[in-house]
**Student:** 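Let me give you the structure first, and then I'll get to my questions.
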Amino acid sequence: MKKIIITGGSGFIGSNLIQLLLKKKYKVINIDKSAYSANPYNVKEFKKNKNYFFFKLDINQRTKIIKIIKKYKPLGIINLAAETHVDRSIDSAEKFIKTNIGGVYNLLEIFRKLKKITKNKMKLLQISTDEVYGDIPENKLASENNNYKPSSPYSASKASADQLIKAYGRTYDIKTLIANPCNNYGPNQFPEKFIPKMIFNLLNNKPLPVYGKGKNTREWIYVKDSCEAILKVFEKGKIGENYNIGSGIKLKNIDIIKKIFKIAKKNKIKIGKKTKIIYVKDRPGHDFRYALNSNKIRKKLKWKNKTSSNKGLENTFIWYKNNFGYFKKISKKNITTRLGLKL
Ligand SMILES: NC(=O)c1ccc[n+]([C@@H]2O[C@H](COP(=O)([O-])OP(=O)(O)OC[C@H]3O[C@@H](n4cnc5c(N)ncnc54)[C@H](O)[C@@H]3O)[C@@H](O)[C@H]2O)c1
């Protein structure tokens, strides 16, 4: 049976990826420190699965992770453990540096130290982001050989990790790969991020805060499509290479809100009086546009995204509507936002 370690598996993309891996008959070892964005809710359904194992651990812990690798002998690690919210990185970057750079350094050192024992067969797939390429001008796309130009402490920490991955791959001949996905959306995402926040606020009769004029553009991929791409890169990607994961679907924030309103109407959700778009002061260093050239993964690894934005957004909306009670409970705890509004 194929065994794999997923770090950050209790978070948004990680939990969707574990669902896919269990379906594909992998034995999955989830290492996650259960930070605020990790929901026990996301992994509840796996607990009964005999092929799922969970370790509450920080990726900075070396000895325990080495023990786990020696015990399970996995094919490799897909690292999704990270601090992920740009707004939080602007308020305080420390945790971003510790996890997103320090944690990756620790995983690389583990790979280096275990090289003999693993016969250097283990792969490390680092999940990076399209944000490392920085602002992409209209009519341009970022391909894998674009320079890195991160704008926020978050994207700078991810870019630094990628450089470490490449350097360790070259210097110590470790089997590393990098995937750079665009913005993901779908079930299980912590509702401080844009799409779940808009859905949550709409369901909760709250205003919908949008940065600037709402014209910032992102490339959006449904998380299930993204997870299939991540697995493709892990299984078939060429060692030492980067793969962009983009859907080609680029939408302005304001367009997404309009789509969410349409879906709410279609599903006969009453729009409360307070649910109105409010424009708030832009965040510092806010990139205007991200857009990827994903020809490499499409041509070389024969991957393609399957979910339209209308279908993906409707699935997401319905999922949040069905799980609204849970998110209402956690929203009371610790959802802070630079947008000047509590969720
Ligand atoms: N969500 C997106 O749109 C998107 C897009 C591109 C890239 N990414 C990248 O994908 C990865 C996953 O993102 P996500 O949206 O699922 O994030 P998330 O915030 O939902 O989940 C992150 C997970 O990592 C865990 N974690 C944090 N610090 C840890 C540590 N020190 N040790 C162990 N576990 C730790 C958290 O508990 C959480 O379960 C991240 O690396 C992120 O940079 C995300």
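One-based numbering, in listed order, for ligands and for the atoms of each. It should be emphasised that the depicted structure is a prediction, and the values quoted were computed from it without experimental measurement.
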**Student:** Please write down residue, atom name and distance for the protein heavy atom closest to atom 7 (C) of ligand 1.
**Tutor:** Ser128 O, 2.9 Å

**Student:** Between Tyr290 and ligand 1, which part of the residue brings a heavy atom under 4.0 Å of the ligand: side chain, backbone, both or neither?
**Tutor:**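 No part of Tyr290 is near ligand 1 at this cut-off.
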
**Student:** Any luck finding a side-chain donor-acceptor pair between Asn267 and Lys321 under 3.5 Å?
**Tutor:** no

**Student:** Any donor-acceptor pair under 3.5 Å linking the side-chain atoms of Arg218 with those of Tyr185?
**Tutor:**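 No, no side-chain donor-acceptor contact under 3.5 Å.
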
**Student:** Does ligand 1 have a heavy atom under 4.0 Å from the side chain of Thr84, from its backbone, from both, or from neither?
**Tutor:**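 The side chain, only.
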
**Student:** Suppose I only count heavy atoms of Asn184 and a 4.0 Å limit; which atoms of ligand 1 are within that range?
**Tutor:** 2 (C), 3 (O), 5 (C)

**Student:** Within the structure, does Ala81 bring an N/O atom to less than 3.5 angstrom of an N/O atom in ligand 1?
**Tutor:** no

**Student:** Can the ring centres of Tyr36 and Phe190 be said to be less than 6.0 Å apart?
**Tutor:** yes

**Student:** So, Thr84 versus Lys193: side-chain donor-acceptor pair below 3.5 Å or not?
**Tutor:** yes

**Student:** Mind telling me whether Tyr72 and Phe53 have parallel, tilted or perpendicular rings, with 30° and 60° as the class edges?
**Tutor:**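 Aromatic pair Phe53/Tyr72 classed tilted.
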
**Student:** Below 4.0 angstrom from a heavy atom of Asn183, which ligand 1 atoms are there? Numbered from 1 as shown, please.
**Tutor:**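 Numbered from 1, ligand 1 contributes 3 (O).
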
**Student:** Is it the case that Asn253 and Tyr211 place a side-chain donor and acceptor less than 3.5 Å from each other?
**Tutor:**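 Distance-only check fails for Asn253 and Tyr211.
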
**Student:** Looking at atom 21 (O) of ligand 1, what's its closest protein heavy atom, distance included?
**Tutor:**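 Looking at atom 21 (O) of ligand 1, the protein heavy atom closest to it is Gly11 CA, 3.4 Å.
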
**Student:** What protein heavy atom is closest to atom 34 (N) of ligand 1, reported as residue, atom name and distance in Å?
**Tutor:** Lys33 N, 3.1 Å

**Student:** Nearest protein heavy atom to atom 28 (N) of ligand 1, by residue and atom, and its distance?
**Tutor:**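 The closest heavy atom on the protein side is Thr99 CG2, 3.5 Å.
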
**Student:** For ligand 1 and Ser37, I'd like to know whether there is a polar contact (N/O to N/O, distance under 3.5 Å).
**Tutor:**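 In this structure, Ser37 places an N or O atom under 3.5 Å from an N or O of ligand 1.
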
**Student:** Regarding atom 24 (O) of ligand 1: of the candidates Ala35, Gly186, Ala82, which has the closest heavy atom?
**Tutor:**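 Heavy atom nearest to atom 24 (O) of ligand 1 belongs to Ala82.
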
**Student:** When you compare the side chains of Asn244 and Asn293, does any donor N or O come within less than 3.5 Å of an acceptor on the partner?
**Tutor:** no

**Student:** Once the angle between the rings of Phe54 and Tyr52 is folded into 0 to 90°, is it parallel (under 30°), tilted (30 to 60°) or perpendicular (over 60°)?
**Tutor:** parallel

**Student:** How long is the straight-line distance from CZ of Phe200 back to NZ of Lys197, given to the nearest 0.5 Å?
**Tutor:**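 Reported value, rounded in 0.5 Å steps: 10.5 Å.
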
**Student:** What residue and atom, counting heavy atoms only, is the protein's closest point to atom 6 (C) of ligand 1, and at what distance?
**Tutor:** Pro181 O, 3.4 Å

**Student:** Taking non-hydrogen atoms only, is Lys158 closer than 4.0 angstrom to ligand 1 via side chain, backbone, both or neither?
**Tutor:**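 The answer is the side chain.
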
**Student:** Pairs of nitrogen or oxygen atoms closer than 3.5 Å, one from Asp130 and one from ligand 1: do any exist?
**Tutor:** no

**Student:** Please write down residue, atom name and distance for the protein heavy atom closest to atom 10 (O) of ligand 1.
**Tutor:** Ile127 CG2, 3.5 Å

